[in-house]
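Comments concern the structure below.
When reading the values below, keep in mind they use all heavy atoms of this one structure, side chains included, and skip hydrogens, waters and symmetry mates. By convention in this document, chain letters (A, B, ...) are assigned in the order of the sequence lines, proteins followed by strands, and residues within each chain are numbered from 1.
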Amino acid sequence: MNLFTDIRARVLEAIEALQSEGVLPEGLNTAPVTVEPPRDPLHGDMATNAAMVLAKPAQKKPRDIAEALAAHLGTDDRIASAEVAGPGFLNLRLAPTVWQGLPETVLTQGADFGRSTLGQGEKVNVEYVSANPTGPLHVGHTRGAVFGDALASLLDYAGYDVTREYYINDGGAQVDVLARSVYLRYLEAQGHTVEFADGTYPGDYLIPVGEALKNLVGDKYVDQPESVWLEYVREFSTDAMMEIIREDLRLLNVEMDSFFSEKSLYGTGLIESAIESLRDKGLIYRGVLEPPKGKKPEDWEPREQTLFKSTEHGDDVDRPIMKSDGAWTYFAPDIAYHYDKVQRGYDQLIDVFGADHGGYVKRMKAAVSALSDGKTPLDIKLIQLVKLFKNGEPFKMSKRAGTFVTLRDVVEEVGPDVTRFVMLTRKNDAPLDFDFDKAVEQSRDNPVFYVQYAHARVCSVMRKAQAAGIDVSDAALAQADPALRAHEAEQGLAKKIAEWPRLVEIAARGHEPHKVAIWLNELASELHALWNKGHDVPELRFLQEDDVAASQSKIALARAAAVVISAGLGILGVTPAEEMR
RNA sequence: GCCCCCGUAGCUCAGCUGGAUAGAGCGACUGCCUCCUAAGCAGUAGGCCACAGGUUCGAAUCCUGUCGGGGGCGCCA
């Protein structure tokens with residue numbers, strides 16, 4: 001149930017009525033008509049721009065249209081008043097009974113209040129994390145993991161059929177590097193002294209992998225050339241790394257529906273058929289690219305390569321898909337992978353990349369556009385860096401030295417709930433400061449705590465009420481008398497709650513889960529405010545001494561807020577706290 | 001040189017598929033605990049929404065340009 005779309009539908013009815021009365025001409029485009037909360041609550045509960053956007057096509061004064069609409073809308077018993085304001089806004093005030101009745105709706109629908117049909121069951125593939133299987137996940141991956149997971153949940157809640165997918169980059173040279181590094185650890189486990197040259201991974205996390213390899217194959221690969229052991233060790237190592245990564249994701253409560261291996265594209269004809277598909281469209285040719293300007297390419301020399309005409313689909317230059325030695329570039333398997341996604345019948349694709357991959361956005365979009373004949377939209381969300389702070393000091397990491405702050409480090413320090421929430425309080429494309437101290441601080445400026453606390457307060461009231469023998473089951477609260485929560489301040493909270501379904505749609509449409517986190521903070525603020533008003537105005541306290549009916553009615557409102565907080569936190573993957581400790 | 005992102009209160013940031021007098025937290029100042037958790041609430045102060053044009057009934061929001069910050073730019077993944 002979305003009050004805003006309900007009322008918008010009512011406005012459109014009024015427009016139609018005016019058309020049949022001949023006041024407005026037929027054939028007006030009503031798509032730009034919106035019904036939204038006004039910036040200033042003094043203007044009312046909802047405002048529509050209908051009169052202003054229709055004024056020009058209808059060749060009438062906005063205020064005249066607004067007056068006519070107001071006359072029609074005034075007859076709806078949900079609408080208490082409709083007044084024309086400013087340049088032609090129509091401000092609507094809803095009947096108090098609408099707000100008083102809201103908790104009943106919420107408590108009847110539970111977590112489904114806010115669930116939307118926006119997605120119409122469309123199939124969406126959200127690809128995220130997709131870290132190279134060369135080591136544990138670090139903080140940067142963590143943000144991508146949390147973002148992708150929350151986005152997937154949000155889209156699911158908004159009515160999409162979502163697949164969470166991880167693309168395993170196990171086909172390139174970096175897994176050979178991994179294999180060599182593990183081989184060194186293997187030799188080490190055999191008692192050899194080894195040295196980690198540049199271009200190997202010196203991290204300690206490979207020590208147990210080397211040992212495990214020793215336990216499995218004994219000394220079979222000692223003193224053997226790479227050609228003997230590379231393939232086996234590579235497979236063994238990537239499997240071990242993926243196990244570590246899956247375990248890291250479990251720590252964050254991220255669960256993938258599907259893992260797609262890059263390696264599975266090689267030698268199976270999948271890359272070839274993807275490229276063939278492009279060739280059929282006349283988008284593959286042999287050619288020589290211009291050198292990039294302004295970047296002084298030291299060893300640049302013209303080479304003829306096999307190119308994808310990505311410029312036909314919005315890219316700046318055409319991109320090589322095959323090296324001059326005839327091997328595929330990394331872009332080729334990426335094309336094949338996305339071709340596979342298109343073939344699997346998704347209506348929409350979303351890729352979550354690190355911000356350092358910003359240069360690949362256009363070519364990937366071009367590829368998907370070409371492969372799907374423009375039918376499958378691809379949205380690429382870039383995740384900016386996470387800057388870590390501890391004791392006010394920036395926390396540095398160095399992958400080269402093998403010491404970096406891992407996902408596990410963060411989660412073990414502050415827990416999955418805090419990790420997830422903090423990472424979702426900023427837009428994906430804005431850098432994020434993550435302060436370990438602030439993240440666990442219990443104060444107003446820690447949004448995790450603040451929202452959790454609001455939920456816990458409601459739970460606290462309910463415990464008190466229950467102890468007093470009051471039935472606070474959702475079923476009982478839904479039956480409570482709405483008229484006993486008629487105070488203006490109580491309606492204020494109800495109005496905030498009523499925004500939830502609309503917020504879900506806005507956040508889902510924009511692929512912006514951070515909006516959920518920010519809105520939850522606002523909702524929590526409304527609840528804390530009402531709570532504190534109870535200090536001065538006893539009738540606003542949720543628990544009314546010796547008045548079961550009033551208590552139930554007011555607690556129903558609080559409980560409705562808690563239900564929505566819980567649903568919102570659920571999308572973010574954060575557990576709502578029952579009490580604070 | 002080209003492409004992408006960003007520039008909003010002293011600080012950290014919301015708001016951006018155009019809407020009325022631009023918001024929140026922190027910091028500063030002032031109030032509120034005989035009362036469901038003061039781990040909270042209320043209020044005051046603080047702005048040329050980087051700059052200049054354009055589109056529009058209306059621009060922080062869309063377009064163009066300038067300046068400033070970050071990221072990226074053919075065989076590397």
**Study point:** Phosphate contact (C75(B) OP1 or OP2) by T329(A) side-chain N/O below 4.0 Å
**Key:** no

From CG of L382(A) across to P of C4(B) the rounded distance in Å is 12 Å

R319(A) CZ to C75(B) C1', in whole Å, measures 14 Å

Quiz prompt | Charged tip of K390(A) within 45° of F436(A) ring normal and under 6.0 Å | solution = yes

| request: List the steps and the verdict of side-chain hydrogen bond (donor to acceptor under 3.5 Å, both in side chains) for H338(A) and D351(A). | output: CA-CA 10 Å; H338(A) 284 79; D351(A) 289 354; 2.6 Å; yes

If pairing means Watson-Crick or G-U wobble with both distances under 3.5 Å, then the partner of C13(B) is G23(B)

### Query
Base, sugar-phosphate, or nothing for H535(A), non-hydrogen atoms under 4.0 angstrom?
base

Re A59(B): Watson-Crick or G-U wobble partner, both distances kept under 3.5 Å, found to be none

Taking U37(B), C41(B), A14(B) as options, the one with an atom nearest any side-chain atom of N532(A) is C41(B)

Next on the checklist: Taking the six-membered ring of Y450(A) as reference, does the cationic atom of R444(A) (NZ for Lys, CZ for Arg) lie under 6.0 Å from its centre and within 45° of its axis?
Outcome noted: yes

Y360(A) side-chain N/O to A77(B) phosphate OP1/OP2 under 4.0 Å | no

Can you confirm whether more than 12 heavy atoms, excluding those of E488(A), are under 6.0 Å from its CD atom? no

For the residue pair K381(A) and F353(A), would you count it as a cation-pi contact if the rule is NZ or CZ under 6.0 angstrom from the ring centre and within 45 degrees of the ring axis?
no

Q) Within the structure shown, what part of the strands sits under 4.0 Å from N169(A) by heavy-atom distance: base, sugar-phosphate, or nothing? A) nothing

As its Watson-Crick or G-U partner within any shown strand, both distances under 3.5 Å, U37(B) has none

Is the positively charged end of R502(A) above the ring of F4(A), judged by distance under 6.0 angstrom from the centroid and angle within 45° of the axis? yes

Q.
Within the 4.0 Å heavy-atom criterion, would you say P538(A) contacts the bases, only the backbone, or no part of the nucleic acid?
A. nothing

Rounded to whole Å, the NE2-P distance (H455(A) to U37(B)) equals 15 Å

To the nearest angstrom, the NZ-C1' distance between K533(A) and C41(B) comes to 9 Å

* Base, sugar-phosphate alone, or nothing: which one does N91(A) contact when heavy atoms must sit under 4.0 Å apart? -> base

(message) On the nucleotide U37(B), are OP1 or OP2 found under 4.0 Å from the side-chain N or O atoms that K464(A) carries?
(response) yes

Ring centre gap for F260(A) and Y337(A) strictly below 6.0 Å:
yes

Check your understanding: Do the side-chain N or O atoms of R457(A) get closer than 4.0 angstrom to the phosphate oxygens (OP1, OP2) of A38(B)?
Key -> yes

| said: Does A77(B) have its OP1 or OP2 closer than 4.0 Å to a side-chain nitrogen or oxygen of K323(A)? | reply: yes

chi for C33(B) classified (syn = within 90 degrees of 0, anti otherwise) as syn

Nearest-nucleotide check on RNA chain B, G358(A) vs W531(A); residue mapping nearer the 5' end is W531(A)

Is the closest side-chain heavy-atom distance between V386(A) and L388(A) below 4.5 Å? yes

Margin query: Distance check, P atoms only: C5(B) and U17(B), in whole angstrom units.
Written below: 15 Å

- Query: Should we say atom CD of E522(A) is surrounded by more than 12 heavy atoms from elsewhere, each under 6.0 Å from it?
  - Reply: yes

Re U64(B): Watson-Crick or G-U wobble partner, both distances kept under 3.5 Å, found to be A52(B)

Protein-proximity profile, nucleotides 54-62 of chain B, B/S/- by nucleotide at the 4.0 Å heavy-atom cutoff, equals --SS--B--

When rounded to whole Å, the CZ to P distance for the pair R444(A) and G40(B) reads 8 Å

Partner of C29(B) under the Watson-Crick or G-U wobble criteria, both distances under 3.5 Å, comes out as G43(B)

With ring centroids as reference points, do Y128(A) and F147(A) lie under 6.0 angstrom apart?
no

Taken to the nearest whole Å, NZ/K427(A) to C1'/A14(B) is 8 Å

Here the distance between atom P of A77(B) and atom CD1 of I168(A), to the nearest Å, is 18 Å

Per the under-4.0 Å heavy-atom filter, residues of residues 503-525 of chain A near RNA chain B come out as R509(A), H514(A), K515(A), I518(A)

Is K263(A) salt-bridged to E235(A), going by a charged N under 4.0 Å from an acidic O?
yes

Requested in this report: Take Q348(A) and H511(A) through the side-chain hydrogen bond (donor to acceptor under 3.5 Å, both in side chains) test and state the conclusion after the steps.
Outcome: CA-CA 12 Å; Q348(A) 205 183 131; H511(A) 300 165; 3.1 Å; yes

Correct closest heavy-atom pair for R63(A) and A85(A) would be NH1-C, 4.1 Å

Lys/Arg-Asp/Glu bridge criterion (N-O < 4.0 Å) met for E441(A), K438(A): no

Per the under-4.0 Å heavy-atom filter, residues of residues 544-559 of chain A near RNA chain B come out as none

pair_partner(C2(B)), Watson-Crick or wobble, both distances < 3.5 Å, evaluates to G72(B)

Whole-Å distance, H43(A) NE2 to A20(B) P, equals 9 Å

